[in-house]
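To start, the structure under review is shown below, and the notes come after it.
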2 protein chains.
Amino acid sequence: MKSCSTGESSAEKLIKQRQDLPSEENLYATAEILKALADPTRLKILHLLKKGELCACEIIEVLDKPQPTVSHHLTLLKNAGFLKWRKEGVWIHYQLSHPDIMELVDQITNNIN
Amino acid sequence: MKSCSTGESSAEKLIKQRQDLPSEENLYATAEILKALADPTRLKILHLLKKGELCACEIIEVLDKPQPTVSHHLTLLKNAGFLKWRKEGVWIHYQLSHPDIMELVDQITNNIN
DNA sequence: AATCCATATATCCAAATATTTAAATATATG
DNA sequence: CATATATTTAAATATTTGGATATATGGATT
C-alpha cells in the first residue's frame, strides 16, 4: 500500500508545517480565552452585559444561581479579559471590556450552522 | 445601606432581562461549538488545515501524538461542524468546512489583548 | 476469488486532569 | 453589625490522554 497522496511528508515538509504553527504559548493563551467563552452561564453573563453595566448582585438575581457560582464565573471572565469593573461602595459593577465581542461569537456560530 | 444603583430590579425588569437571553438550548449549542475550539491541540489542527486538506496520518505525524488522541480531537472538530472529510481508500482527508474560521478566532483574541 | 496480512482510522476503556457547583467562611464596606 | 462580594474547599462532573482493541481497506498469495 502506497502512502497517502497529501502525506509523503518529507522531513523538511514536516518541519515547515510545525514551524508555521503558532507557538505553544500562543495556542494555550488562545485556548484559555476561548474556554472562558465556552460555557452557557458565562455566555449568559456576556449577553446580559451587552445592554450595559450591571451590578454583580443583579447578575446573581437574573441568573438565579448561588452567589459563589456567579462570582466564580465573573472571575473567569475578568481574568480572560472580557470584563471591566468598577467598585461603588460594596457593589461591583461589571461591563464588557469589548462590547462587540458577542458579535464575533455569533459570526462563528453562524458560520458553523 | 441602599441597594445598588443599577440593581433595584423590579420583577418586571428581571423577567425582561431573562427573556432577552438566548434560549438555554441555544446557549448550550454555542458553548459546544466554542468548546471544540478551546483546546491547543485542536487549534493546531485547524491552523494546519488553513493551508488545505490533510490526511489524518499527516496530522498525526505533525502533531506527534498518539493516533487515538488525534482521532479523538478530529472527531470533536468534525462533530462541532468545523471539518469536512473525504475518504480515499484507507485514508481520510480532512479540510476546514469554514476556511475563514481562524480569522474570527484571531479577531476575538486581538480584541482581548 | 478467497484468504491472509499490513496499515489507517475509530472506538472502548480507564486513569489523570480540569472544570463546575455550591456550602462554609473570609474580607470589605458603610 | 448587616450586607456585597471573594475565597476556600470538596464533591460532582466533564474532558483529555493513550493503551488495547476493533473495523475497514486494499495489496499479496494461493
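Letters A, B, ... are given to chains in the order of the sequence lines, protein chains preceding strands, and every chain is numbered from 1. In this text, all values refer to a predicted model and were calculated from it rather than measured experimentally.
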Review point. What's the closest nucleotide to the B/Trp91 side chain, out of C/dA10, D/dT5, C/dA8?
Key: C/dA8
Practice item. Look at the side chain of A/Gln67 and the base of D/dA6, then say whether one donor and one acceptor between them are separated by less than 3.5 Å. Key: yes
Review point. DNA chain D: A/Tyr28 or A/Ile60, which has the more 5' nearest nucleotide?
Key: A/Ile60
Review point. If only side-chain N and O atoms of A/Lys65 are considered, is one of them under 4.0 Å from the OP1 or OP2 phosphate oxygen of C/dT20?
Key: no
Review point. Counting side-chain heavy atoms from CB outward, which of C/dA10, D/dG19, D/dT7 is closest to A/Ser71?
Key: D/dT7
Review point. Whole Å only: how far is the CD atom of A/Glu58 from the P atom of D/dT5?
Key: 10 Å
Review point. Counting any heavy atom closer than 4.0 Å, what does A/Pro68 reach on the DNA or RNA strands: base, sugar-phosphate only, or nothing?
Key: base
Review point. In whole Å, what is the span from the CH2 atom of B/Trp85 to the P atom of C/dA10?
Key: 10 Å
Practice item. Taking side-chain contact (heavy atoms from CB on, under 4.5 Å) as the test, write out the residues that go with B/Ile15, two or more places apart. Key: B/Gln19
Review point. So, B/Glu53 and B/Arg86, do they make that salt bridge, N to O below 4.0 Å?
Key: yes
Study note, to complete from the structure: To the nearest angstrom, the CG-C1' distance between B/Asn79 and C/dT11 comes to 13 Å
Practice item. Report yes or no: do A/Thr30 and A/Asn26 form a side-chain donor-acceptor pair below 3.5 Å? Key: yes
**Study point:** All side-chain contact (heavy atoms from CB on, under 4.5 Å) counterparts of A/Leu74, not counting sequence neighbours
**Key:** A/Ile45, A/Ala56, A/Ile59, A/Val70, A/Leu83, A/Tyr94
Review point. Can B/His47 and B/Lys50 be counted as having a side-chain donor-acceptor contact under 3.5 angstrom?
Key: yes
Check your understanding: Judged by modelled atom types alone, do B/Glu58 and A/Gln17 share a side-chain donor-acceptor pair under 3.5 Å?
Key -> yes
Practice item. Looking only at side-chain atoms of A/Thr75, point me to the closest of D/dA4, D/dT7, C/dT11. Key: D/dT7
Revision key, fill the gap. Given protein heavy atoms under 4.0 Å, the one-letter contact record of nucleotides 10-16 of chain D, with B base, S sugar-phosphate only and - none, is simply -----SS
Review point. A/Leu43 has an atom CG; how far is it from atom C1' of C/dT19, in whole Å?
Key: 15 Å
